[in-house]
Amino acid sequence: MAEVMQFGVIGLPMSSKTTLFGALTGAVPDAAGGGTRFTIQRAIVDVPDPRVDVLAAMFKPRKVTRARVAFADIGGLQKGMGEGGLSGELLNTVALNDALLHVVRAFDDPDVPHLEGSVDPARDIAMLDNELLLSDLVIVEKRLEKIRDTLRRPIRPVEREAHEAEQAVLETVHAGLQDAIPARDLDLDEATLLPIRGFQLLTLKPVVIVVNTGDTPPGTGAALPAYDHRKSAVVGIRGRIEMEIAQLDPDDRALFMAEYGVGETSAARILATCYRLLGLHSFFTVGEDEVRAWTIPIGATALEAAGTIHTDLARGFIRAEVVSYDDLVALGGMNAARQAGKHRMEGRNYVVADGDILHVRFNV
Ligand SMILES: Nc1nc2c(ncn2[C@@H]2O[C@H](COP(=O)(O)OP(=O)(O)O)[C@@H](O)[C@H]2O)c(=O)[nH]1
Ligand SMILES: [Mg+2]
C-alpha cells in the first residue's frame, strides 16, 4: 500500500473543483478559477477521526499522529478531450490517484455562468464520464494492437501465455467500454486485473460523485442524482459554506457548523466514503509517547499491521496485544480492560478489526 492515499478532484470547468479542494484542505482559492488550462494544486491533510481525539484525551501522549491523505485539485478536463485519449501530464496526474472525486455543480446562481448554459448535474456527470471512458478506450485499443503484433511473432511459450492472459482481460474491458460500461463495473477480480493494473485505467478507479448543492442542504431541498455503479458513491455538499468552514480555526468551526446545521464536515464524510470504497480501515497504537492512527486494508493480519508500523516489527513478530477501541473506551482505560479480560494475545494471522488498539511484541 502506498504511504499516503491519493485522491484527485476532477470535474468540468467551473464545476466547483477548487471549492471542494478548499473544503477538504482549508486552502483558500485564488481569484483566477474555472479555467480550462491544466492546473494542479496539492495538499496533504490529516484524516479526521474522533476516536483519535478520545484516545489522545485518555493517554495524554507527547504526540498525536493521524492518518494522512493527499488531495489534488486537477483542472483542465473538459468536453471533447477523451476522443484522442487524454495524454501527458494531465492524464498522468489523474491516473496517479487511488480514487477520484468527481465534482459536479447542482446549484443555481446567476452570478456563476455555466459552460453548458444550464444546471444539469446528471448530464454533466455523464459528459465527463464519457471523456474518461474514451480515454481508457484509446489506451486499451493501443495496447491490444501491440499485443496482437507481438503474438504474431515467434515468442517463448511463457511470454505467449502472459500476453494471451492480458489480451483476454483487455478484450473484456474493451467490449465493456464500447458499451459505455466503466471498467470498475465489470465483475473482474484482483487476480484477473493484475496484468492490466499498470495501465491505471481511469474507469477502474473508485469514484465519489460529489454534488455541490450550493447553499441548499443536500438531500432536503436538493435531490442528488443517482449513480448506480460499482465502487462508487454520491455525496452532497454545500460547497461554498464548507469551504468557508474549513478555513476557520477549530472553535469558530464548531459554532459555524452548528449555525448552518452541518453535522459532519464534507471532508470527513468524503474520506469515510473513500475508505469504504477502497476497503480500508484503521487501527491505533497508544502510549505516553504517541497516539497514532494507521491505515490498512480490511482483512490485513496482525503481521501485516506490524509491517505497516515498521519492517522490524514484522520481521521479529512474536505476538500482538489487542484491545478493541469500544472495550477500551467503555472500560475507561488499559488496566480496566486487562482486568475485564478484554486485553487479548493474538498471533500473526489474527485479522485486525477496525479500531483495534495494537501493541506488537517483537524481537530482532
Ligand atoms: N453560489 C455558489 N457559488 C459557488 C459555490 N461553490 C462554488 N461556487 C462558484 O462557482 C465557480 C466555480 O467554482 P470553482 O471551485 O472555481 O470551480 P472549478 O473551475 O471547478 O475549480 C466560482 O465562481 C465559485 O465561487 C456555492 O456553493 N455556491
Ligand atoms: Mg479550479
Side-chain angles (χ1 to χ4, degrees), residues 7-43 45 70-82 86 89-90 93-94 97 99-132 202 207-225 234-248 253 256-257 259-267 269-270:
F7 302 122
V9 177
I10 60 166
L12 295 170
M14 298 288 278
S15 57
S16 340
K17 296 181 295 295
T18 301
T19 304
L20 172 63
F21 181 78
L24 294 168
T25 66
V28 182
D30 54 23
T36 53
R37 276 181 312 121
F38 169 54
T39 53
I40 169 116
Q41 56 175 334
R42 298 177 188 279
V45 302
F71 288 111
D73 169 12
I74 306 166
L77 288 173
Q78 52 186 304
K79 190 158 102 176
M81 262 193 163
L86 297 173
E89 222 182 322
L90 176 58
T93 308
V94 179
N97 295 288
L100 298 173
L101 309 180
H102 175 171
V103 55
V104 67
R105 172 178 168 184
F107 64 86
D108 246 325
D109 184 341
D111 291 337
V112 181
H114 195 296
L115 244 56
E116 296 299 315
S118 63
V119 175
D120 183 345
R123 174 203 59 203
D124 290 354
I125 293 168
M127 194 182 284
L128 189 71
D129 268 356
N130 187 47
E131 304 301 341
L132 304 181
L202 305 179
V207 62
V208 182
I209 303 288
V210 181
V211 183
N212 183 2
T213 57
D215 292 350
T216 316
T220 53
L224 298 181
V234 180
V235 174
I237 70 155
R238 285 186 272 178
R240 196 162 54 183
I241 293 172
E242 295 252 19
M243 185 186 71
E244 282 165 15
I245 290 174
Q247 288 165 12
L248 300 171
R253 190 178 301 168
F256 202 95
M257 283 170 69
E259 190 174 325
Y260 281 90
V262 178
E264 193 186 15
T265 61
S266 62
R269 271 183 303 138
I270 288 169

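Both ligands and their constituent atoms are indexed starting at 1 by order of listing.
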Problem set entry | Side chain proximity check, S15 to V104, heavy atoms < 4.5 angstrom | no
Problem set entry | I237 side chain reached by V103 side chain, heavy atoms, under 4.5 Å |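 They are not in side-chain contact.
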For this session: Starting from the C-alpha separation in whole Å, work towards a yes-or-no answer on side-chain contact (heavy atoms from CB on, under 4.5 Å) for V9 and T18.
Result: CA-CA 8 Å; V9 177; T18 301; over 6 Å; no
Exercise. Taking atom 6 (N) of ligand 1 as the point of reference, which of V9, V103, N212 owns the nearest heavy atom?
Worked result: N212
Exercise. Among E242, M14, R240, H114, which one has a heavy atom closest to atom 27 (O) of ligand 1?
Worked result: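 Heavy atom nearest to atom 27 (O) of ligand 1 belongs to R240.
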Exercise. Is ligand 1 under 4.0 Å from a heavy atom in the side chain of V112, in the backbone, in both, or in neither?
Worked result: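 Under 4.0 Å from ligand 1, V112 contributes side-chain atoms alone.
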For this session: Quick one: look at T18 and ligand 1, take heavy-atom pairs under 4.0 Å, and tell me if it's side chain, backbone, both or neither.
Result: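 Both of them.
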Problem set entry | For I10, the option from L100, L101, V207 that meets side chain to side chain contact (heavy atoms under 4.5 Å, CB included) | L100
Under 3.5 Å between some N or O of ligand 1 and some N or O of [X]?
{"X": "D215", "result": "no"}
{"X": "T19", "result": "yes"}
{"X": "R238", "result": "no"}

Problem set entry | CZ-CG distance between R240 and L20, expressed to the nearest 0.5 angstrom |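 Rounded to the nearest 0.5 Å, the CZ-CG separation comes out at 15.0 Å.
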For this session: Measure the CG-CD distance between D124 and E116 for me, rounded to the nearest 0.5 Å.
Result: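 It comes to 6.5 Å.
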Exercise. Hey, which atoms in ligand 1 end up nearer than 4.0 Å to a heavy atom of S16?
Worked result: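 The list of qualifying atoms is 13 (O), 14 (P), 15 (O), 17 (O), 18 (P), 20 (O).
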Exercise. Atoms of ligand 1 less than 4.0 Å from G239 heavy atoms?
Worked result: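 Reading through ligand 1 atom by atom, the close ones are 27 (O).
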Exercise. Is it the case that D120 and H114 place a side-chain donor and acceptor less than 3.5 Å from each other?
Worked result: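 Not at all, the side chains of D120 and H114 share no donor-acceptor pair under 3.5 Å.
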Exercise. Touching ligand 1 at all, S15? Heavy atoms, strictly under 4.0 Å?
Worked result: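 S15 counts as a contact of ligand 1 under the 4.0 Å cut-off.
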Exercise. Is it true that some N/O/S atom of T39, main chain or side chain, lies under 2.8 Å from the Mg ion (ligand 2)?
Worked result: no
For this session: Output all residues satisfying side chain to side chain donor-acceptor pair (under 3.5 Å) with N212, sequence neighbours left out; order by chain, then residue number.
Result: S16
